[in-house]
Protein chains: 2
Amino acid sequence: MTNTTLKLLAQQLQLSISTVSRALKDHPDISASTKAKVNALAQSLDYEPNAYAIQLRTQSSKILGVIVPAISNLFYDSFIAAVEEESRNNGYAVMILQSSHNPENELSNLKIFRQNRVSGVFACLSSSTENLEVYQKMNEREIPVVFFDIVPKDNRFTKVRMADERCAIMAAENIIKRNAKKVLAIFGDEGLSITQKRKSAFQKFMQDFSPKTHCSFAHAASTKEAEEIMKKFADKKQKVDTVFCMTDEILIGVMRKIQELQIKVPNEIGVISISNGFIPNLYYPHISYVETSGHELGKLAFIQMMANMKGGKTLTELTVDAKFVEGGSM
Amino acid sequence: MTNTTLKLLAQQLQLSISTVSRALKDHPDISASTKAKVNALAQSLDYEPNAYAIQLRTQSSKILGVIVPAISNLFYDSFIAAVEEESRNNGYAVMILQSSHNPENELSNLKIFRQNRVSGVFACLSSSTENLEVYQKMNEREIPVVFFDIVPKDNRFTKVRMADERCAIMAAENIIKRNAKKVLAIFGDEGLSITQKRKSAFQKFMQDFSPKTHCSFAHAASTKEAEEIMKKFADKKQKVDTVFCMTDEILIGVMRKIQELQIKVPNEIGVISISNGFIPNLYYPHISYVETSGHELGKLAFIQMMANMKGGKTLTELTVDAKFVEGGSM
DNA sequence: ATAAAAATATCAAACGATTGCGAAAAAATT
DNA sequence: AATTTTTTCGCAATCGTTTGATATTTTTAT
């Protein structure tokens, strides 16, 4: 069965294609009676405009692209969900591609986006992306790019991200409030700017406001690594009394060890993390965390995208503020 | 900056558009030298074919649609990830829309898919979807629809799903093996066929092979509900010694209560669930589970899609088999 | 040297929709 | 009744690509 087209409608109604087209879009040139007829037939024949023809003619697609390292991720999936929702409400469809943290995939994804003439892309850099030229070119082609979460340092681009420094500082605040003596702070992948930001902010704040607190720093790129780090520190004689986890992956590893060794939270050890809240609430007591909401970030990103598409380039870096959620683990 | 087109290339090279087009696709009609020239210029001008023009001309898009109740879900996100991966490797892009379990959204999503002339759709029914007519129409338009996870009973459609009965039976087997006396089995949304299947298979198996085991059945549509159910049953005098959780949401609720009440797993209570493994492995001891892999299902769905698109309709119902993963909670 | 075959490149018509411009018909004005 | 205005609609070009048919040139065979 072939799709209904304007031509088909026109033939059946003995009208010209242009009249049918105009009738369908409620153009003032067309009489009410014709409109009625056209609409009726379109309805009964299940007419749906061919988006491809429209885009070809109007040179503007109603598709937005999203590149994430992985869809299957507690943070990114909520970001995607938010973007999808906003997009649909605004007449856009979303095309989602994952880079798997591989710059090559990132490139081929971008290619697909270009072929499909997406009218904008949301991009989260993969950890090893060095070359931003492609993105620069997109901007030159007037395809707005909004970076999120893992963003380039380069300030030629529009970016939205969590208030990373604030997150880290809020965590530090609560660690100090708890009166911690020996802190283990586990951060994520050392190469990412997001890690750097969080770490240096954390470090500085602790230094400035509680210089006597002893802090050990570690990096874990996976749950497994976090688990091992936790193990090492739990084995030591002078145990740490508070552990900070920069990501969900880290928290999971840490909690596995804590449960296994039956360390009491919060009495023997305090735990605090940065998260969207899903993982922290799995445990009892709930883990206290600084909230970073993929959902909020998605909404903000969409707003930025619309702004970029409408008017002049707004090359700003917006941040979603964080808030502390008391769980019971501190 | 405007996009490079065939026309532009042709002008610069003093060739006809058709020659350029053929050169780019390595058509035997074109000489090697011409091809070289064309390719060189195309490269330097960053030529990317306009997917819209191609689709318009060839009447076939390289886009697949996916409808899920929610992207932000441990099962669906891995399904999506798998489909996306397979798709990209086969030259397809994926458009993802979420229904939020709302039939209206489902409908408008389908509309978007039609407008974009997707060449196939993967659909997971929202819990309250009654009217399958739209899907039937898609099939009539020769747009293959592959249902996954929550599938229609109707056998006019192609479906892939987990081996739901097997899952439930495997869980039951292990409950019997544990020598459970009092079992609490919590199932999901009563309206879903997936729930029905799992429940009746579970029920029958327990009845047939261990009629003396006392089973209490309950339904929970959310984590919160599961938590309350668990609370009720933990308070009782004659405590249950084994609890079965049909979904991750339920497991999470149950585990919250168990941790809160400090019930010892597996000594005081055995826990078993159906899951993709992520959640069960968060706890210590790891929860034993029957594995249902969204990733596997996604791959299977893609294969079915390709089969449907290539050849004759293969209206079959395929299932991904389950396997039991020993955690330590039984 | 001439006809036949092979190689190379071009023409032109689609695909489905939009839209400026002009034309015919109907209504309003003089 | 003649003219102007308004309403209603059609013509045709265009977006970028593909592709069957055709034209031109080169090579090979006779």
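The chains referred to below are lettered A, B, ... by the order of the sequence lines, with proteins before strands, and numbering in each begins at 1. This is a predicted model, so every value here is computed, not measured.
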When you check the phosphate oxygens OP1 and OP2 of [N], does a side-chain N or O of [X] lie under 4.0 Å from one of them?
X	N	answer
A:Thr34	D:dC9	yes
A:Lys7	C:dC15	yes
B:Ser21	D:dG16	no
A:Gln59	D:dG16	yes
A:Ser31	D:dC9	yes
A:Ser16	D:dG10	yes

(message) Can you see whether A:Phe147 has A:Lys159 sitting over its ring - NZ or CZ less than 6.0 Å from the centre and within 45° of the normal?
(response)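 Cation-pi check for A:Lys159 and A:Phe147: fails.
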Nearest to the side chain of [X], heavy atoms from C-beta on, is which of [options]?
X	options	value
B:Ala53	C:dT19, D:dG16, C:dA17	D:dG16
B:Ile54	C:dT19, D:dT17, C:dA17	D:dT17
A:Tyr47	C:dA17, D:dT17, D:dA12	C:dA17
A:Thr19	C:dT10, D:dT17, D:dC9	D:dC9

Roughly how many Å is it from OH in A:Tyr52 to P in C:dA17, rounded to a whole number?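 Rounded to whole Å, this separation is 14 Å.
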**Euclidean distance, atom CD1 of residue A:Ile30 to atom C1' of D:dG10 [Å, nearest integer]** =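 A:Ile30 atom CD1 is separated from D:dG10 atom C1' by 10 Å.
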Quiz question: by atom type and distance under 3.5 Å, do the side chains of A:Asn3 and B:Arg141 form a donor-acceptor pair?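 Yes, a side-chain donor-acceptor pair sits under 3.5 Å.
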Between B:Thr19 and B:Ser16, a side-chain donor and acceptor under 3.5 Å: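 On atom types as modelled, these side chains qualify, holding a pair under 3.5 Å.
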task: Look only at the side chain of A:Ser293 and the backbone of A:His295, and say whether a donor-acceptor pair between them is shorter than 3.5 Å.
output: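 At least one qualifying donor-acceptor pair exists.
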Margin query: Mind checking if A:Leu15 touches a base, just sugar-phosphate, or nothing, with heavy atoms under 4.0 Å?
Written below: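 Since only primed, P, OP1 and OP2 atoms lie under 4.0 Å of A:Leu15, the category is sugar-phosphate.
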Q.
At 4.0 Å (heavy atoms only), tell me whether A:Asp29 reaches a base, stays on the sugar-phosphate, or touches nothing.
A.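 Since a base atom lies under 4.0 Å of A:Asp29, the category is base.
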Could you tell me how the ring of B:Phe122 sits relative to the ring of B:Phe79: parallel (under 30°), tilted (30 to 60°) or perpendicular (over 60°)?
->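 Rings of B:Phe122 and B:Phe79: perpendicular, over 60°.
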Whichever of B:Pro28 and B:Arg117 has its nearest DNA chain C nucleotide further upstream toward 5':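 In this pair, the answer is B:Pro28.
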